[in-house]
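Bear in mind the structure is a predicted one, so any value in this text is a computation, not a measurement. Sequence lines set the chain letters: A, B, ... in the order given, protein chains first and strands last, and positions in each chain run from 1. Side chains included, hydrogens not; waters and symmetry mates left out as well; all remaining heavy atoms used.
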There are 4 protein chains.
Amino acid sequence: MPNAPDPARRSERSRKAILDATLALLHESGYRDLTVEAIAARAGVGKQTIYRWWSGRGAVVLDALAEQVSSAGPPVLPDSGDLEADLRAVVRAIVAELADPRLSATTRALTIETLSSETLAEQVRDRLLRPQLDAIKTRLRSARQAGHLRKEADLDQAVELLIGPMYHRWMLRTGPLTDEYADGIVDLAMAALRPRAA
Amino acid sequence: MPNAPDPARRSERSRKAILDATLALLHESGYRDLTVEAIAARAGVGKQTIYRWWSGRGAVVLDALAEQVSSAGPPVLPDSGDLEADLRAVVRAIVAELADPRLSATTRALTIETLSSETLAEQVRDRLLRPQLDAIKTRLRSARQAGHLRKEADLDQAVELLIGPMYHRWMLRTGPLTDEYADGIVDLAMAALRPRAA
Amino acid sequence: MPNAPDPARRSERSRKAILDATLALLHESGYRDLTVEAIAARAGVGKQTIYRWWSGRGAVVLDALAEQVSSAGPPVLPDSGDLEADLRAVVRAIVAELADPRLSATTRALTIETLSSETLAEQVRDRLLRPQLDAIKTRLRSARQAGHLRKEADLDQAVELLIGPMYHRWMLRTGPLTDEYADGIVDLAMAALRPRAA
Amino acid sequence: MPNAPDPARRSERSRKAILDATLALLHESGYRDLTVEAIAARAGVGKQTIYRWWSGRGAVVLDALAEQVSSAGPPVLPDSGDLEADLRAVVRAIVAELADPRLSATTRALTIETLSSETLAEQVRDRLLRPQLDAIKTRLRSARQAGHLRKEADLDQAVELLIGPMYHRWMLRTGPLTDEYADGIVDLAMAALRPRAA
DNA sequence: GGCTAATCGAGACGGTACGTCTCGTCTTGTA
DNA sequence: TACAAGACGAGACGTACCGTCTCGATTAGCC
C-alpha cells in the first residue's frame with residue numbers, strides 16, 4: 001500500500017529549500033538542465049522527499065513559480081482613466097519580459113510543461129496566468145462601463161486579442177518584440193474594441 | 001576525423017522507414033514517449049543511421065512532419081471576393097484542427113520543439129508554419145488592394161491578430177474552440193482592420 | 001546529547017512483540033527479506049523503539065533466537081554409558097536439523113551475522129552455540145574419565161571434529177546430510193579419539 | 001523483450017576492469033561496502049555493462065575471485081611420500097590464511113554469498129572450493145593406495161574431517177588459529193584414518 | 001562484373017537521470 | 001519521557017535512453 005503521506009507532518013523547511021533550489025537552478029542553468037537529482041542535492045534534501053510531495057519535475061517548477069508569483073500579491077493594472085495608455089503600459093511590459101531571454105526562459109519551460117501534461121496545464125493556467133489575465137480583464141471591464149469599449153464586447157476574447165499575438169510572435173520568433181510592436185497591438189485591439197460611433 | 005557522410009549513398013528506404021516510424025509512434029504514444037531508440041527499433045534501423053543524418057529526435061520529428069505537410073502541396077486560400085467569409089472558413093478550419101486532440105498532437109509536438117531549440121524553431125517556422133501564414137497573408141494583401149482593409153495595415157500583424165488568440169486559447173485551454181469562437185475572432189479582426197470610413 | 005534510554009521505563013510488551021515478530025518473519029520470509037521496517041510494522045511498534053534498544057537487525061535476530069533457545073533450558077546430552085550411541089544420537093539430530101531447509105534458515109541467518117560483525121559473532125558464539133557445544137563437551141569429559149577417550153584428548157578440538165565437518169558439508173552442499181553420514185562422522189571421530197590400545 | 005546480449009561482442013577490457021575493480025574494492029573496504037555503483041565508477045564503466053553480464057553484486061564477486069584463483073592454475077599438493085608431513089603443510093597454510101584478517105575477508109565474502117543464494121553457492125563450491133578439496137583428495141587417494149590410509153576410507157569425508165573443524169573455528173572464533181592447532185587437526189585426522197593395525 | 005569503400009542493421013559501450021527502496025535518525029503528537 | 005507513527009537525509013538499487021563506438025554484411029559507384 002502506498003499510503004498517502006500526511007501533509008500535517010510535512011517539513012516546511014524542506015518545502016522551502018526545494019522551491020528555492022528549483023528557482024536558483026532555473027536561473028543558473030535553465031530548464032533543460034534542471035533535474036530532480038540536482039534540486040535534491042542543492043536543497044540538501046533526499047530525492048524521496050521531492051517525490052513524496054510532487055509528481056515530478058514539472059510539478060515542482062510549477063509550485064516554485066507559483067510561490068514566486070503569489071508572494072508578489074495579486075497583480076493590479078493602473079486605472080488612469082486613459083484605457084489606451086494603461087494597456088500600452090502593460091503590453092509593453094509583457095513584451096519586454098518576453099524579449100528578455102533570461103526572463104522568458106521560465107515562461108518557455110512552463111509552456112513546454114503545459115503542452116506535455118494536461119493536469120499541469122490546468123495548474124499553470126489557474127495559478128500563474130489567470131491572475132495576470134484577470135487583472136487586464138478587470139481594467140477592460142471598468143473601461144466598458146465607462147463607455148470606452150463596445151457594450152457587447154466579450155472581455156475574455158478581448159484579453160486574448162491583446163495577449164495572443166504577442167505570445168505567438170514570441171514562440172515562433174516571427175518578428176521583433178519591441179515597444180513599437182506592443183503599441184501596434186494596442187492600436188489594433190483598440191480599433192477592434194472601441195465603440196463604433198466613436 | 002568524423003568525415004561527413006555521403007548523401008549520394010544514403011539509403012532512401014531507411015530514410016522513409018525512419019520518418020514513417022516517427023509519425024506512427026507520434027500518433028500512438030505521443031511526443032513524450034518518442035525516443036530515438038524506439039524510432040530505430042520500429043523502423044528496423046540502427047541508431048547510428050538516425051544520428052548519421054539527423055542531429056537528434058527533434059530534427060527527425062521536424063522532417064517527418066515537414067514531409068507530411070509538404071506532400072499536401074502549398075496551401076492556398078480561396079479568394080471569393082468576400083474577405084470575411086474567406087477568413088471565417090480558414091479560421092474555422094484551424095480551430096477545428098486544434099480542437100481535435102488527435103490532429104493537434106502534431107502541433108503540440110512541433111510547438112515543444114520550437115520552444116526547446118532555437119535552430120529547430122527556425123526550421124519549424126520557415127518550413128511548416130510560414131506557408132500557412134503566407135497563404136493568409138496573400139489573401140489579406142489582395143483584400144487590402146481591393147480596399148477592404150485599411151491601406152496602412154501591417155499584414156504580418158494582421159495575420160497574428162487572427163492566429164495568435166486561437167493558439168493562446170488552445171495552449172492554455174482557457175475556453176472552448178468552436179465555430180462561434182472562430183467567427184468571433186474574425187469579427188474582431190475585421191473590426192480592427194476594416195477601413196475607418198467604411 | 002544522545003542520552004541513553006532508561007531501561008527501567010522500557011516497555012516489556014514492545015520488547016516481546018518485537019522478538020515475536022522477528023521470529024515470525026524469519027520463518028515466513030527468511031532472513032533476506034527481514035527488515036527493521038517490517039519487524040516494526042508487524043510488531044505494531046515504532047522503528048525508533050527498535051533502534052533505541054538494539055543496534056540493528058542482527059542484534060534483534062540474535063536476541064530473538066537467544067530467547068527462543070534459552071526458553072528451552074540448557075541442553076543436556078544423555079549419558080547412557082555408551083559414548084558412541086550417545087554421539088550418534090546428537091549428531092543425527094543436528095544433521096537432521098541442518099537438512100531441513102526450514103529449520104536451518106535460522107542457522108543460516110545467524111552464520112551470516114557471525115561473518116558480518118565481530119561483536120555479533122561473539123554473542124552468537126557465547127549465547128547460542130556455546131551451550132550446545134558445552135553439552136557435548138561435558139559428555140566427552142565424562143567419557144574421558146571413564147577411559148573411553150584418550151586421556152590427552154583436547155575436548156574442544158574433539159567437539160570441533162564432530163561438528164565442523166557437518167557444518168562444512170551443510171554450507172557448501174558438498175554431499176548428502178543423512179543418518180548414514182552422521183554415523184560416518186561419529187565412526188571417524190571415535191577412531192580418532194579412542195584410546196590407542198583399544 | 002529483454003534479448004540476451006551477444007557474448008561475442010563483449011568487451012574484454014571492460015570485463016577485466018570490472019573484475020579488477022571488484023577485487024580492489026573488496027580489499028580496500030570489505031564486502032559490506034561493496035556496491036555495484038562503486039564497482040562501475042572504479043572500473044570506469046557504465047552500470048548497465050555490469051548488469052548486462054552479471055545478475056548482481058554476488059555474481060561479480062564470484063567471478064572476480066574465481067578469476068583470481070584460476071589464474072594461479074590448478075592447485076596440486078606435494079607428494080613427498082610422507083602423508084602426515086604433506087597434510088601438515090597444507091593445513092598449516094590454510095589455517096594461516098584464515099588467521100590473516102586481510103586474506104580471509106575474501107573467504108568471508110564468499111561464505112556470505114554461499115549462504116544467501118543457492119545458485120551462487122553451487123558456483124562457489126564448484127569453481128572455487130572444489131579444486132582445493134580435490135587436490136587434497138588426490139593426495140589422500142595416493143596415500144590410500146600406498147597403504148597409509150584405511151582401504152575403506154571415504155575420501156570426501158576424510159577431506160571434510162581435515163577442513164571442517166578449521167572453518168568452524170574460524171567462523172565462530174572459538175579458539176586460536178595457529179600452527180599447533182593445524183598440527184593437532186592433522187594428528188586427529190591421521191588417528192582416524194590410519195590403518196588399524198598400524 | 002568485380003573491387004572497394006561507405007552505409008547499413010545491430011547492439012555493446014560509458015554515462016546520466018530516473019523513480020523506488022531501505023537504511024538509521026529526527027520530529028510530532030499521545031499516554 | 002517512552003511510545004507509535006512516519007517524514008526525513010542519504011544513497012544504492014536496477015532501468016531507460018542518451019549519443020558514440022565497434023562489428024560483419026550488404027550495397028553502391030568506379031574501374
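- Leu62(D) pairs in a side-chain contact (heavy atoms from CB on, under 4.5 Å) with only one of the listed residues (Gln123(D), Arg57(D), Glu67(D)), which is Gln123(D).
- Between Ser14(B) and the phosphate of dG9(E), there is a side-chain N or O to OP1/OP2 separation shorter than 4.0 Å.
- Asp33(C) has its CG atom 12 Å from the C1' atom of dT22(E), to the nearest Å.
- Put simply, CD on Glu37(B) is 13 Å from P on dA10(E), counting in whole angstrom units.
- Shown are Arg127(D), Lys16(D), Arg15(D); of these, the salt bridge (charged side-chain N to carboxylate O under 4.0 Å, His left out) with Asp63(D) is made only by Arg127(D).
- Between the side chain of Arg9(A) and the base of dT27(E) there is at least one donor-acceptor pair of N/O atoms closer than 3.5 Å.
- Here the P atom of nucleotide dA5(F) and the CG atom of Asp6(A) are 13 Å apart, to the nearest Å.
- Side-chain contact between Leu65(D) and Leu23(D): present, with at least one pair of heavy atoms (C-beta onward) separated by less than 4.5 Å.
- Contact annotation: Trp53(C) reaches the phosphate of dC3(F) (side-chain N/O to OP1 or OP2, under 4.0 Å).
- The interatomic distance linking Tyr51(C) (OH) with dT22(E) (P) rounds to 12 Å, in whole Å.
- The pair Glu37(D)-Arg42(D) fails the salt-bridge criterion, with no side-chain N (NZ, NE, NH1 or NH2) lying under 4.0 Å from an Asp/Glu carboxylate O.
- Here dC13(E) is the nucleotide among dC13(E), dA12(E), dC8(F) with the atom lying nearest to any side-chain atom of Ser11(D).
- Here Thr49(D) does not reach the OP1 or OP2 of dA12(E): none of its side-chain N or O atoms lies under 4.0 Å away.
- Here the C1' atom of nucleotide dT16(E) and the CD1 atom of Ile50(D) are 15 Å apart, to the nearest Å.
- Judged by distance alone with a 3.5 Å cut-off, no donor-acceptor contact links the side chain of Gln48(C) to the base of dC3(F).
- Rounded to whole angstrom, the span from the CD atom of Glu12(A) across to the C1' atom of dT28(E) amounts to 16 Å.
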*Determine, stepwise, if the pair Thr114(B) / Leu120(B) fulfils side chain to side chain contact (heavy atoms under 4.5 Å, CB included).*
CA-CA 6 Å; Thr114(B) 283; Leu120(B) 282 177; over 6 Å; no
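- Atom CZ of Arg15(B) and atom P of dT7(E) are 16 Å apart (whole Å).
- Contact of Lys47(A) with dG19(E) (side chain to base): a donor-acceptor pair of N or O atoms is detected under 3.5 Å.
- For the pair Arg10(B) and Ala38(A), both in contact range of DNA chain E, the more 5′-proximal nearest nucleotide belongs to Arg10(B).
- For Arg42(B) and dG9(E), the CZ to C1' distance is 18 Å, given to the nearest whole Å.
- The residue Trp54(C) sits apart from the nucleic acid: no heavy atom pair falls under 4.0 Å.
- The 5' end of DNA chain F is approached more closely, in terms of each residue's nearest nucleotide, by Ala41(C) than by the other of Ala41(C) and Val36(D).
- For Arg9(A) and Trp53(A), the positive end is not near the middle of the six-membered ring at less than 6.0 Å and at most 45° from its axis.
- Not one side-chain nitrogen or oxygen of Thr35(C) sits closer than 4.0 Å to the OP1 or OP2 atom of dT22(E).
- No contact: Gly56(A) has no heavy atom under 4.0 Å from any strand.
- Nucleic acid contact for Arg52(B): base, since at least one base atom lies under 4.0 Å from a heavy atom of the residue.
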